[in-house]
Undergrad: 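Handing you a structure now.
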Amino acid sequence: YDDGDTEKEVVRDMIRKLKSGDSKKDKKKKDKKKKKSGSGSDSSSSSSSDDDSDSDDGTSELEEGTKVEARYGGKDKWYKATVVKVRKDKKGRKATTYDLEYDDGDTEKEVVRDMIRKLKS
């Protein structure tokens, strides 16, 4: 990963080749351009791949009870959920993963922040 983390035995379905302009730096540049021009998605569909978050950079920590959308099982579709537990690092300082309860009753444990986005308020 770009941040130096490593992972072993990753299932092929969880890996995709980056397109040119698909890096975090490029995404941040696009987001800044959208904010300046006032354009952006106004969609409220939970299955939308557009960014429905309210300036969620995907790195801020979430709190228990926060309403979010998450990619169940790492798949492409976003589903509405609630954060039920914040799992911190060994020193207890920084959130590393989250336990979620989806609106349909499903639950998922230890979901990484990249698979979660805040819902618009």
Side-chain angles (χ1 to χ4, degrees):
Y1 296 97
D2 288 342
D3 64 359
D5 286 346
T6 61
E7 190 172 4
K8 294 181 180 181
E9 299 180 25
V10 178
V11 179
R12 176 66 182 116
D13 292 344
M14 302 301 290
I15 302 169
R16 68 179 168 97
K17 186 175 180 179
L18 288 176
K19 298 176 221 164
S20 67
D22 205 12
S23 70
K24 284 185 179 182
K25 283 184 180 178
D26 292 335
K27 184 175 181 192
K28 285 180 182 179
K29 286 179 186 176
K30 287 179 188 176
D31 289 344
K32 284 182 182 179
K33 285 181 183 178
K34 280 184 183 179
K35 286 179 184 176
K36 285 182 182 178
S37 68
S39 66
S41 174
D42 212 14
S43 171
S44 60
S45 168
S46 65
S47 63
S48 171
S49 61
D50 292 337
D51 185 10
D52 286 341
S53 63
D54 191 14
S55 70
D56 182 18
D57 62 4
T59 60
S60 62
E61 287 192 21
L62 303 172
E63 297 177 358
E64 290 180 16
T66 302
K67 300 289 184 184
V68 298
E69 286 183 328
R71 293 173 51 195
Y72 183 82
K75 299 197 168 116
D76 291 335
K77 189 171 180 179
W78 294 89
Y79 297 93
K80 292 183 179 181
T82 303
V83 176
V84 294
K85 184 173 183 177
V86 177
R87 296 180 180 267
K88 304 252 181 187
D89 63 12
K90 290 180 182 178
K91 295 180 182 178
R93 293 187 210 157
K94 185 178 177 185
T96 56
T97 60
Y98 301 87
D99 292 359
L100 304 176
E101 183 175 319
Y102 291 88
D103 289 0
D104 66 1
D106 285 341
T107 60
E108 192 172 23
K109 293 184 176 186
E110 299 181 8
V111 180
V112 295
R113 181 63 173 92
D114 289 346
M115 295 289 124
I116 303 170
R117 64 183 179 195
K118 291 181 190 177
L119 284 176
K120 286 184 179 179
S121 43

Undergrad: Using side chain to side chain contact (heavy atoms under 4.5 Å, CB included), reason through K109 and R87 one step at a time and then give a plain yes or no.
TA: CA-CA 9 Å; K109 293 184 176 186; R87 296 180 180 267; 4.1 Å; yes
Undergrad: Can you name the residues that form a side-chain contact (heavy atoms from CB on, under 4.5 Å) with K90, not counting sequence neighbours?
TA: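 K90: no side-chain contact (heavy atoms from CB on, under 4.5 Å) contacts found.
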Undergrad: Do you know which two heavy atoms are closest between E108 and G73, and how far apart they sit?
TA: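 The answer is OE2-N, 2.9 Å.
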Undergrad: Before you tell me yes or no, could you show the steps for Y72 and K77 under side chain to side chain contact (heavy atoms under 4.5 Å, CB included), namely the whole-Å CA-CA distance, both residues' side-chain angles and the distance that decides it to 0.1 Å?
TA: CA-CA 7 Å; Y72 183 82; K77 189 171 180 179; over 6 Å; no
Undergrad: Pick one: which of I116, L62, D106, T107 meets side-chain contact (heavy atoms from CB on, under 4.5 Å) with L100?
TA: I116
Undergrad: For K75, enumerate each residue passing the side-chain contact (heavy atoms from CB on, under 4.5 Å) test, keeping only those at least two apart in sequence or located in another chain.
TA: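 Testing K75 for side-chain contact (heavy atoms from CB on, under 4.5 Å), a comparison that skips the adjacent residues, returns none.
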Undergrad: Taking all heavy atoms of D99 and all of E110, pick out the closest pair and write down the distance.
TA: OD1-N, 2.9 Å
Undergrad: About how many Å separate CG of D89 and OG1 of T97, when rounded to the nearest 0.5 Å?
TA: 10.5 Å
Undergrad: State which residue, out of K88, K118, K94, R113, fulfils the salt bridge (Lys or Arg N to Asp or Glu O under 4.0 Å) condition with E61.
TA: K88
Undergrad: How close do R71 and W78 get, heavy atom to heavy atom, and via which atoms?
TA: CD-CZ2, 3.4 Å
Undergrad: Stepwise, does the side chain to side chain contact (heavy atoms under 4.5 Å, CB included) test hold for E63 with V83?
TA: CA-CA 7 Å; E63 297 177 358; V83 176; over 6 Å; no
Undergrad: Are V84 and Y102 connected, step by step, through hydrophobic side chains (Ile, Leu, Val, Met, Phe, Trp, Tyr) whose heavy atoms are closer than 4.5 Å?
TA: no
